[in-house]
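In what follows, chains carry the letters A, B, and so on, assigned in the order in which the sequence lines appear, proteins first and then strands, with residues in each chain numbered from 1.
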2 protein chains.
Amino acid sequence: MREGLGGESLLFLTDEQLRQGIEAMFFAYRGFTADPDRILSDLSYGRAHHRAVHFINRAPGTTVNNLLAILGVTKQSLNRVLRTLIEDGLVESRVGTEDRRERHLHLTDAGRALEARLSDAQRARMRAAYRDAGPEAVAGFKQVLEAMMDADMRRAYGKLREKG
Amino acid sequence: MREGLGGESLLFLTDEQLRQGIEAMFFAYRGFTADPDRILSDLSYGRAHHRAVHFINRAPGTTVNNLLAILGVTKQSLNRVLRTLIEDGLVESRVGTEDRRERHLHLTDAGRALEARLSDAQRARMRAAYRDAGPEAVAGFKQVLEAMMDADMRRAYGKLREKG
DNA sequence: CTTGGAGTGTCAACAAGGCTGACGTATTAT
DNA sequence: ATAATACGTCAGCCTTGTTGACACTCCAAG
């Protein structure tokens, strides 16, 4: 099996290398969420609100069930977040026309404004990291992350990429 | 500024590319924590316990303050986790010899066993992802993650790498 | 037209794991 | 002596996750 790779070095698969990757993920994820978290705490929102707003912006008109699957939480959990966002006028819930049981979610202008604010903060850090690392590193970064996802999340991710 | 990079393509810095990276981080982090989370929930432990055990294993004899800085939580939060780990005989807290105010943390045999179990699960996924992506991708992956960290976390990460 | 099931919303209760603030107690440093 | 440090702990609050139960609307199949 190792020989099947044509004798190339497999040193990048040592436990120590893997552990470094694990720790890198941990520390990097903290940085990844730090900037939006600061903005959110001023508004007494949390990460769950950010995630909802992000994916509603990404796929306007998405149904609650759809969002549930992407976010991987229970409807009760999502509903609590969604309710505050609707009350605060950031999200609009429209009864479906084809299937009137469904609620289609859209951002209001205020919602889009918040999304942009959060996105900008998060993208600024990503942009700096991407620029520091360069295009080849970025390609590798995405490749590893995609391989790390659960199969169903990889599918969801793929669908979102198509839309982009 | 763009010209300063020698005219190379900067398409990897578009907002759409950045957004894909953001979503990749989100989905990948879920996969990253999924396997240990399953093990932990059977033991009525959480991610916080995993993190503590991981870093105590990584830097045996570390002090509480040290761990606090690495984990980025309050001492009250850490203490709650640490207390259960000590009660359950997974972690040992030894009074410092030089400075007797300090408590030095060590894993017991049982603690090491749990750490290994969690590590193995997490590493298995990382190893699969690394192997799928290949060594060049892994190098890029780490480069981007490191660039994404806060400065102080990058320092902490560097220190841990030296030890490894 | 009735009935089952899907999609949704909501109530209640609970737990993990963050947070702040305050206080106590060794121990060390000044 | 006094101040600062390291740690533990109590109390209380928040977000965000969980289960379980129940009701409502609406679609589709019988």
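- Between C:dC19 and B:Thr74, a contact under 4.0 Å exists linking OP1 or OP2 to a side-chain N or O.
- For B:Arg101 against C:dA26, a side-chain-to-base donor-acceptor contact under 3.5 Å is absent.
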Apply side-chain contact (heavy atoms from CB on, under 4.5 Å) to B:Leu18 and A:Tyr130, showing your working. CA-CA 8 Å; B:Leu18 294 167; A:Tyr130 272 25; 3.6 Å; yes
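- Residue A:Asn65 places at least one side-chain N or O closer than 4.0 Å to OP1 or OP2 of C:dT8.
- Listed nucleotides: C:dG17, D:dC10, C:dG9. Nearest to the side chain of B:Ala48: C:dG17.
- For A:Lys75 against C:dG7, no side-chain N or O and base N or O form a donor-acceptor pair under 3.5 Å.
- A donor-acceptor contact under 3.5 Å links the side chain of B:Gln76 to the base of C:dG21.
- Summarising the geometry, the separation between CG on A:Asn66 and C1' on C:dA6 is reported as 15 Å, rounded to the nearest angstrom.
- Look at B:Arg103 and you won't find any side-chain N or O under 4.0 angstrom from OP1 or OP2 of C:dT25.
- Judged by closest nucleotide on DNA chain D, A:Val73 is the one of A:Asp99 and A:Val73 placed further toward the 5' end.
- The CG-C1' distance, from A:Asp42 to D:dT15, rounds to 16 Å in whole Å.
- For the pair A:Asn79 CG and D:dT16 C1', the computed distance is 13 Å after rounding to whole Å.
- In the set D:dC7, D:dC27, D:dG8, the nucleotide with an atom closest to the side chain of B:Thr63 is D:dC7.
- Applying the 4.0 Å criterion to OP1 and OP2 of D:dT25, one finds that A:Arg100 has every side-chain N and O outside that range.
- Each of C:dG7, D:dT9, D:dG17 was ranked by its minimum atom distance to the side chain of A:Ser77; first place goes to D:dG17.
- The CZ-P distance, from B:Arg83 to C:dA16, rounds to 13 Å in whole Å.
- In this structure, the CG atom of A:Asp37 is 12 Å from the C1' atom of D:dT15, given to the nearest Å.
- Here the C1' atom of nucleotide D:dT18 and the CG atom of A:Leu68 are 13 Å apart, to the nearest Å.
- For B:Arg80 and C:dG18, a side-chain-to-base donor-acceptor distance below 3.5 Å is present, hydrogens and geometry of angles not being considered.
- Put simply, CD on B:Gln122 and CE on A:Met148 are 9.5 Å apart, with the number rounded to the nearest 0.5 Å.
- With respect to the salt-bridge test (charged N to carboxylate O, under 4.0 angstrom), the residues B:Glu23 and A:Arg161 do not qualify.
- Around atom CD of A:Glu16, more than 12 heavy atoms belonging to other residues, nucleotides or ligands sit under 6.0 Å away.
- Checked for salt-bridge contact, A:Arg94 and A:Glu102 miss the test: no charged N lies under 4.0 Å from a carboxylate O.
- Put simply, NE2 on A:His49 is 10 Å from P on D:dG17, counting in whole angstrom units.
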